[in-house]
There are 2 protein chains.
Amino acid sequence: MAKSSTPSRERIVAGAADMISRRGLSATSIREMAKHAKAPLGSTYHYFPEGKQQLATEAVRYSGEWVARSLRKELEAGPAAGLAAFLALWRRIVFESDFHAGCPVLAVAIEEPPADEVPPALAAAADVFEQWENLLADSLRAHGARAEQAAQVATLIVAAVEGTVALCRAKRSTEPLDRTAAQLQYLIAATIKN
Amino acid sequence: MAKSSTPSRERIVAGAADMISRRGLSATSIREMAKHAKAPLGSTYHYFPEGKQQLATEAVRYSGEWVARSLRKELEAGPAAGLAAFLALWRRIVFESDFHAGCPVLAVAIEEPPADEVPPALAAAADVFEQWENLLADSLRAHGARAEQAAQVATLIVAAVEGTVALCRAKRSTEPLDRTAAQLQYLIAATIKN
DNA sequence: GCTAGACTATGACGATCGTTATAGCCAGAG
DNA sequence: CTCTGGCTATAACGATCGTCATAGTCTAGC
């Protein structure tokens, strides 16, 4: 078998991202990630010789890129459409997992690093947030927003959506997403108008 | 010794809240919480016979009430002052911990619950978020905001601040807080004006 | 067909987890 | 003084953790 329908390595990364988004990094064991991807434990150390940190780093980048792709595509129709897609994407993840899944990037971002050291997974999380913000900010600027305003609004959107997903999980309801959605839509409309 | 300067029980809860805000719930062991509070391991099971879940629940409520107190007090000077205090409080926690600490309520909120069951700590997190939102929404309404708008803005503020704290930790910078602060201030000004 | 190298199978290592049990201490009430 | 009850001390339980080592299987290219 040269290549199975989805290669083992990618299945492991995608599965790891899903599990991390639910339980957090430290509560997700390598054994469970392997089992979830129907891969043997030995394979995880074959594909990711640096161990858990490497796997976490790749999982963060994987979901980061996945979201960025969607964002990039929908932003072609303008910032408001991009925001709507961004919100819909997270609503779907939260709702379809029965409020069990969230954002793996956030989950990794709030793990405490060892003193005076920055683990690669945490650095990857920072990069992913930055990328999402830049996509939104560029689109806002392209539609007439002032540079500083665009940056501020982009950061607010990313932060608010991440926080709202957490609120939804705690309350087992998508209502927080509805509320922030309404306000963020006003905000975008006001931002690209001046 | 009838009562030490700070009672053991409260020291354990406060310490647990701090540790959970840094490492997350599942990465924080009861042994470490006891050691951090200079209390014996046996004492934690004496004060919290339901074990880790109970300790986590009380830690969430403890920090929830602590933030709510500050919020309640500063909101007396109006929504804008309340928001400023809310932001300053989190900025202080993030900065003074060298970007290691965050919000323990968020940390508990994103832990996956067992299927069809809601652990008390998760329910407590939902309550705390609700309480913060209500404090902000009431203040907004008292200053002329429409009821629905007030609720939406309050949810957005709580979610955005929680998310921004996570962004700051990942990026090891307080700049995200500056950006969201600016936008949330505009938003409050616009909300209580109509 | 054979060999090299990618992948898997299996088991073990020390460490730490949540939790419990049991015995001991030690202040304050009687 | 004795005794009771809140708190501590200590050790242990099985389970699971991240990681590593070793031997085995299988396939692609010669």
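Note on naming: letters A, B, ... go to the chains in the order of the sequence lines (proteins, then strands), and numbering restarts at 1 for each one.
Atom pair B/K35:NZ and C/dC17:C1' shows a separation of 14 Å (rounding to whole Å applied). Across the protein-nucleic acid pair, A/E50 atom CD and D/dC20 atom P stand 10 Å apart, rounded to whole Å. With rounding to whole Å, A/R9 atom CZ is found 14 Å from C/dA6 atom P. Following rounding to the nearest Å, A/H46 (NE2) and C/dT10 (C1') show an atom-to-atom distance of 17 Å. Between B/R11 atom CZ and D/dC7 atom C1' the separation is 13 Å, expressed in whole Å. A/E32 places its CD atom 12 Å from the C1' atom of D/dA15, with the value rounded to the nearest Å. With rounding to whole Å, A/Q54 atom CD is found 15 Å from D/dG18 atom P. Distance B/L41 CG to D/dC7 C1': 13 Å, rounded to the nearest Å.
Position along DNA chain D of the nearest nucleotide to A/P49 versus B/R31 favours B/R31 as the more 5'-ward residue.
B/Y45 comes within 4.0 angstrom of a nucleotide base, judged by non-hydrogen atoms across all strands.
For A/S29 and D/dT16, the shortest distance from a side-chain N or O to OP1 or OP2 is not below 4.0 Å.
Side chain of A/W132 to backbone of A/G64: a donor-acceptor contact under 3.5 angstrom is found. Proximity of a side-chain donor or acceptor of B/S21 to a complementary backbone N or O of B/C103 within less than 3.5 Å is not detected. The closest donor-acceptor contact from the side chain of B/E32 to the backbone of B/S29 lies under 3.5 Å.
Ionic pairing of A/R91 and A/D178 is present here: one or more N-O contacts between side-chain nitrogen and carboxylate oxygen are shorter than 4.0 angstrom. Between A/E74 and A/R69 no salt bridge is recorded (no basic side-chain N to carboxylate O distance below 4.0 Å).
Minimum atom distance to the side chain of A/K52 is reached by D/dG18, of the listed C/dA9, D/dG18, C/dT19.
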- [ ] Could you walk me through whether A/E111 and B/R169 pass salt bridge (charged side-chain N to carboxylate O under 4.0 Å, His left out), step by step?
- [x] CA-CA 9 Å; A/E111 297 262 336; B/R169 289 177 70 185; over 6 Å; no
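Listed in residue order, the members of residues 13-28 of chain A having a heavy atom less than 4.0 Å from DNA chain C come to none.
Note that the OG1 atom of A/T191 and the CG atom of A/L184 stand 10.0 Å from one another [nearest 0.5 Å].
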